[in-house]
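A short write-up of the structure that comes next.
Heavy atoms only: backbone and side chains are in, while hydrogens, waters and symmetry mates are out. Remember, it's a predicted structure, so these values are computed and weren't measured experimentally.
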Amino acid sequence: NNTLMLRQKWTKQQDEALLSIIHSSSNPLNWEHITTELKTLGIDREPHQVRSRWKYNLLPGINKKKWSKEESLKLFEVYEGLSSKWKRIKVLFDGRTEVAVKNHFFSMVRKALRLAAKLLGKKFNVSCTKLINSMKPKVLAAFVSIQKDEEDCDRRTKGTTSALSFLKRFVILSYSK
């Protein structure tokens with residue numbers, strides 16, 4: 001089934017084939033042409049998948065090291081100032097892609113929510129974990145969004161700054177475990 005192939009993870013051999021084609025291609029890269037070449041090798045991908053794989057995973061200079069505690073805390077602080085401007089945030093993290101920065105931020109938020117639920121004495125069970133893990137970034141962003149001007153906040157948004165500070169404390173706690 002073509003749909004199943006398009007959703008499969010990239011293999012090491014597919015990555016090597018993509019790199020080989022890219023290194024023998026001229027600039028600018030033509031993703032349609034590269035995709036056609038991959039198909040001759042039995043690799044069935046769409047041009048947007050090929051471009052994404054290159055841009056976010058294979059491009060030289062991408063920092064794939066584990067995030068340090070300092071980087072994670074810096075990310076929370078930068079988010080306070082820039083909100084979800086991932087393209088602007090990523091330049092402050094050497095070699096990190098905007099997708100990696102965004103994914104790490106929301107991963108920390110989910111981890112902090114799970115830890116908060118556990119430490120606050122809520123019954124921590126599979127359904128709670130599933131609920132937190134299934135939260136989309138848009139929902140998480142609404143939860144941690146920051147109001148720059150407290151005087152302009154209405155009752156519904158007042159206190160969102162403390163939600164981010166609250167989660168930041170749990171991120172710090174999670175690194176000390």
Requested in this report: Start with the C-alpha distance between Ile34 and Ser25, add both sets of side-chain angles, then the distance that settles side-chain contact (heavy atoms from CB on, under 4.5 Å), and finish with yes or no.
Outcome: CA-CA 8 Å; Ile34 293 169; Ser25 294; 4.0 Å; yes
Query raised in the report: Passes side-chain contact (heavy atoms from CB on, under 4.5 Å), Arg96 versus Glu71? Steps please.
Result: CA-CA 11 Å; Arg96 303 282 187 190; Glu71 279 184 303; 2.9 Å; yes
Query raised in the report: Which pair of heavy atoms, one from Trp54 and one from Pro60, lies closest together, and at what distance?
Result: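 That closest heavy-atom pairing would be CH2-CD, 3.6 Å.
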If you measure from [atom1] on [X] to [atom2] on [Y], what distance do you get to the nearest 0.5 Å?
X	Y	atom1	atom2	result
Leu92	Leu82	CG	CG	7.0 Å
Asp44	Gln14	CG	CD	10.0 Å
Leu73	Ser68	CG	OG	8.5 Å
Ile62	Tyr56	CD1	OH	9.5 Å
Ile22	Leu29	CD1	CG	5.5 Å
Glu46	Arg51	CD	CZ	14.5 Å

Requested in this report: Kindly state whether the ring of Trp67 and the ring of Phe76 have centres lying under 6.0 angstrom apart.
Outcome: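 No, they do not, as the ring centres are separated by 6.0 Å or more.
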Report task. Tell me whether the centres of the aromatic rings in Trp86 and Phe93 are closer together than 6.0 Å. Result ->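 No, too far apart.
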Query raised in the report: How about Lys64: does its NZ atom have over 12 heavy atoms from other parts shown lying under 6.0 Å from it?
Result: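 Atom NZ in Lys64 is crowded, with more than 12 foreign heavy atoms closer than 6.0 Å.
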Query raised in the report: Is atom NZ of Lys39 surrounded by more than 12 heavy atoms (other residues, nucleotides or ligands) closer than 6.0 Å?
Result: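 Yes.
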How about [X] and [Y]: do any of their side-chain heavy atoms sit closer than 4.5 Å?
X	Y	value
Leu75	His104	yes
Gln13	Ile43	no
Ile89	Glu98	no
Lys74	Glu70	no

Query raised in the report: Honestly curious: do Val99 and Val91 fall in one hydrophobic cluster under the side-chain, below-4.5 Å linking rule?
Result: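 As far as the 4.5 Å side-chain criterion goes, Val91 and Val99 are not connected within one cluster.
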Requested in this report: Group every Ile, Leu, Val, Met, Phe, Trp and Tyr by side-chain heavy-atom contacts under 4.5 Å, then state whether Leu38 and Leu59 land in the same group.
Outcome: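 Yes, it is one cluster - the side chains of Leu38 and Leu59 are joined through contacts under 4.5 Å.
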Query raised in the report: Given Ser84 and Lys102, is the side-chain contact (heavy atoms from CB on, under 4.5 Å) satisfied, shown in steps?
Result: CA-CA 8 Å; Ser84 60; Lys102 177 186 70 123; over 6 Å; no
Requested in this report: Answer yes or no on whether Arg45 is positioned over the face of Trp10, meaning its NZ or CZ is under 6.0 Å from the six-membered ring centre and within 45° of the axis.
Outcome: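 Pair Arg45/Trp10 counts as cation-pi.
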Requested in this report: Show your working on side-chain contact (heavy atoms from CB on, under 4.5 Å) between Lys55 and Thr97 and close with a plain yes or no.
Outcome: CA-CA 8 Å; Lys55 185 176 177 183; Thr97 67; over 6 Å; no
